[in-house]
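This report refers to the structure that appears directly beneath it.
Every chain is numbered from 1 and lettered A, B, ... according to where its sequence line falls, protein lines coming before strand lines. Remember, it's a predicted structure, so these values are computed and weren't measured experimentally. Values below: every heavy atom of this structure, side chains too, minus hydrogens, waters and symmetry copies.
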Amino acid sequence: MKNYDHNKIEKKHQAAWDKKKIYHAKNGGKGKRFYGLIEFPYPSGAGLHVGHIRSNTAMDIISRKRRMEGYNVLYPIGWDAFGLPTENYAIKTGIQPEKVTKQNTDMFRKQLKSIGFSFDWSREVNTTDPKYYKWTQWIFLQMYKKGLAYKSKTFINWCLNCKIGLANEEVVNGKCERCGGDTEKREKEQWMLAITKYADRLDKDLDDVDYLEKIKIQQRNWIGKSEGSEIEFSIKNSPEKIKVFTTRADTLFGVTYVVLAPEHELVNKLKPQISNWNEVEKYILDVKKKSELDRTAEDKEKTGVEVKGIKAINPANWEEVPVWIADYVLVNYGTGAVMAVPAHDERDFLFAKKYNQEIRQVVAPLFITTEGESAIRKDQPFVKRDTIVSIVKHWSEDKYLCLMWKTQNWKTFVIGGTDGEDPHIAGAREIREETGYQNIKFISTLGRAHAQFYAPHKKENRWANVVGAYFELIDGKKEDTSDNEKNLHDIVWLTKEEVEKIIDKEEAVIFWNNMLGKDQAYTNEGILVNSGKFNDLSNVDAQKEITKAVGGKIVTKYKLRDWIFSRQRYWGEPIPIIHCEKCGYVPVPEKDLPVTLPKVKSYVPTDNGESPLAIMHKWVNTKCPKCKGKAKRETDTMPNWAGSSWYFLRYTDPKNNKELASKKALRAWMKNGVDWYNGGMEHTTLHLLYSRFWHKFLYDLKLVPTSEPYMKRTSHGMILAEGGVKMSKSVGNTIDPKDIVKLYGADTLRIYEMFIGPFDQAVSWSTESIIGSRRFLEKVWRISGNSFASKTDKELETLLHKTIKKVTEDIESMSFNTAISAMMVFINEVEKTKSISKKDFELFLQILSPFAPHITEELWISKKSIHVSKWPKWDKKKVIDSNFKIVVQVNGKVRTEMMIDSDMNEEIIKKQALEDKVIMPWIEGREVKRVIYVKGRLVNIVV
RNA sequence: GCCCGAGUGGCGGAACUGGUAUACGCGCACGACUUAAAAUCGUGUCUCGUAAGGGAUGUGGGUUCGAUUCCCACCUCGGGCACCA
């Protein structure tokens, strides 16, 4: 047998597959179909990356398996070729982007072919091809016609380095996502796409697709759906109103001020009434000057100024509250104004502390005792009581008064009922009665809480509405207390540390912390207090009730913003709009599409932020399609998310010049959407969301059969360099797949990248480890050169069928690493026993073939390609061992193993275990309490 | 701060639904073949202990006959979001 010469074999079969077109998807026919999709690559000058190979191989394995299972498979490839790197290269070198793109795609194509992917190369698409972007432009025009594409003067994120407007999504921590340079806010007219109109559906329809849960979560977070209320605050002596958005309408009675975003339109409208306009205006200018980075800086100390002369009126209690402007309120979320409830919102709390605003509690926490002697007794009614907890400080020392109860295991502050009295009166009375101290000074209340517990001394469930109060004794003057009180508890003075050790009731702890000034916003659920007729309602129920009572509206808001769609760049799809002096914006007639990019001399964007296209007067100046008058073309281009928002549709019918794809082709391939789409987590919030949005739009136009583009979405982990750091050119730790293919072969590289670790997790590259994959393939090669047995050894046959089962199932769950491990185990076993039939070995080659398509094709005997052969089925009878090993444990510790036959029943096995020589000494002289048998696994003897 | 995910040998990692922890691979050590080296093959490889046996899956508790797996608290790392009311 010849040596395993991967170079020769791989080239030979790649050429043969191309010639025989075995991976071409058939358009006609009735059989079952499978559409497997990977994110089409951006053909960068750096060439194919090992990361591309990992994700492409995974879907290649799945596609190859589907083909062998009899599916008509579409596994296409194309180029997402518009974009900044190519343009920047053009700026630097002056070489036309088309030329660079052509070079790069040629290189990528060659490299991808050298890995042996089963792409249908006849359906290659390229987003920069005018025949392709004609339809990108066409879709834009449909959006324009439906009012979803509009021009708007907005603050955009401007990258000072790229000289380009960025979408919110492209700004990371105030820096440009692409170049890492500084960004600033600039006001500019931009084309926008109204993705927010689809926000609700983009959220809701996630229920119906099979995406990894973490992908759904990320999408949902990004969309940021939030249900709440819009409530209007009148302004004193003005017809204007402040509309706020809140998710906590239940806390309306706790509003102590109202905050507007500095950019809020009311600020200017109310100018005549504002008595400190200079101060307000200065603050607004300061905020504008602040870069995005400063505004989101880490310490984020909140700032703001009060708008004097303006008072808002709380619709719940007609209280007048001050109005502030502060930049912690965002103009473009909700209504740009919030009601501040410092007691129950952390941001408002911090702001209130800094600017000395009132903090008013309206939600009391509810503490339920469920353990110990005070645990509530189920099925008993609650007796409601108003109670008070008084913290009493010593007249001269830093000590506090506590009661040690004699009748039950309670250690408390001074407690008692209030009988409807004010806290300072009720508290003082209780202190006198229970402790005898006479000269008491009321300092402050400490908040409210509800507590449910069982009172053993009264034998009843209590529901206490507790108020906390803080008192100081003026002197030690003390009178005798009644015998009754004396028998109830002892009085002790404790230091702070001692108090903290013994006080365990949660409401007491809260009051204690409040007394010490360690208070914080309470944002959890609870019972309403200080809220007029809504008192005692649960805060959740109160949200709707209070909204209704003040004439508010229940509304849903989203974090998602409309998509800034224009770029001031050359290398993108021209936006097909004409500006006419008379008619305004006029869409380019569909028959004139595509609007192609003109050839320009310089690709440098202009300093005033215009695209290089703006100085192409010949191209820019045109006639208005409507009035035939003087007009100019739009010089902004589309972002490179445009072409990738619908490319998967084009694959179904890539050469169609009349439609973006024929209905027939779409019905055939997209009947349920793309069956399986794998890509990177980095595209979860942008590409995935954008393309879902476009697809839903096309669905509404009845152009595509489903409202969701992708039925199933999975994601791969990144490949990191050795040592777990990112691969990067500048560090010089990148791996060129070409070198690996040359040295070890494409099959080895494929196996290695699938074996390297769990597919969905990031893994570190290790050149040292590749040899293992190569050795595995060499063993396969060597075995095929041996003479085969007429019949496969019985145990080996069982292992083969187990392996077929495991590989079949592992591919579906993308557990490629364990599938390969199982095949390695099998091959190791074959080497040991050396008796496998030719037929059985071929079954093995078949399950290996999706992973290593070249070597298996070479070793496959039949004239027809192994890749069109039928996927092996495991034999249910043959995956069960006739006898196997189980372990025997004593008290959960393994003591011995024994062989049993599959037909032995439980009683016999248990008996055999108990009589085992090794086991006997372990159970001798001890009582066998239980014997547990787990089928096919173990016997556990409990003594 | 919030939301995900993950912590297992020297390394990458495996373990079904709670049932022999460390499969498979790399590396390492020793041996065989060789004048030698590479390649290949074989044996060994969590840890303490001569052994019997004990201890180990980030830490500390809990549930269970039995926990890497379930529950509670905490620590570390990775990813996402980040003043979204």
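Nucleotide B:C46 forms a Watson-Crick or G-U wobble pair with B:G55, both donor-acceptor distances falling under 3.5 Å. Within the shown strands, B:G62 is the pairing partner of B:C70 under the Watson-Crick or G-U definition, both distances less than 3.5 Å. Under the Watson-Crick and G-U wobble criteria, each requiring two contacts below 3.5 Å, nucleotide B:A85 is left unpaired. Base pairing of B:U34 is not made with any nucleotide, judged by Watson-Crick or G-U wobble geometry with both donor-acceptor distances under 3.5 Å. Across all strands shown, B:G5 forms a Watson-Crick or G-U wobble pair with B:C77, both key distances being under 3.5 Å.
Residue A:Lys885 is in base contact, counting any heavy-atom pair closer than 4.0 Å across all strands shown.
Residue side chain A:Lys302 reaches the base of B:C83 through a donor-acceptor N/O pair under 3.5 Å, judged by distance alone.
Residue A:Arg782 has a polar side-chain atom (N or O) positioned under 4.0 Å from OP1 or OP2 of B:C41. Look at A:Arg775 and you'll find a side-chain N or O under 4.0 angstrom from OP1 or OP2 of B:U40. Between A:Arg895 and B:G53 there is no side-chain N or O to OP1 or OP2 distance below 4.0 Å. Distances shown here put a side-chain N or O of A:Asn817 below 4.0 Å from the OP1 or OP2 atom of B:A14. Distances shorter than 4.0 Å separate none of the side-chain N or O atoms of A:Tyr328 from OP1 or OP2 on B:A85. For B:A85, the OP1/OP2 oxygens have no side-chain nitrogen or oxygen of A:Arg248 closer than 4.0 Å.
At least one side-chain heavy atom of A:Tyr752 sits under 4.5 Å from a side-chain heavy atom of A:Ser766. In this structure, the side chains of A:Trp765 and A:Leu720 stay at 4.5 Å or more apart for every pair of heavy atoms.
Note: A:Tyr257 and A:Phe351 meet the aromatic proximity criterion, with ring centroids under 6.0 Å apart.
To the nearest angstrom, C1' of B:A82 lies 13 Å from CD of A:Glu346. Counting to the nearest Å, the P atom of B:A85 and the CE atom of A:Met339 are 12 Å from each other. If you measure from atom CG of A:Asn940 to atom C1' of B:G19, you get 9 Å, rounded to the nearest angstrom. B:A14 atom P lies 14 Å from atom CE of A:Met754, rounded to whole Å.
B:U68 and B:C3 have their P atoms separated by 28 Å, given to the nearest Å.
The residue among A:Asn891 and A:Val934 whose nearest nucleotide of RNA chain B lies closer to the 5′ end is A:Val934. Residues A:Gly772 and A:Trp922 each lie close to RNA chain B; by heavy-atom proximity, the contact nearer the 5' end of the strand is made by A:Gly772.
A donor-acceptor pair is defined here as one N or O able to donate and one able to accept, closer than 3.5 Å; no such pair exists between the side chain of A:Asn817 and the backbone of A:Ile756.
The minimum heavy-atom distance between A:Ile231 and A:Pro315, with the atom names listed, is CG2-CG, 3.7 Å.
B:G53 adopts an anti glycosidic conformation, its chi angle falling more than 90° from 0.
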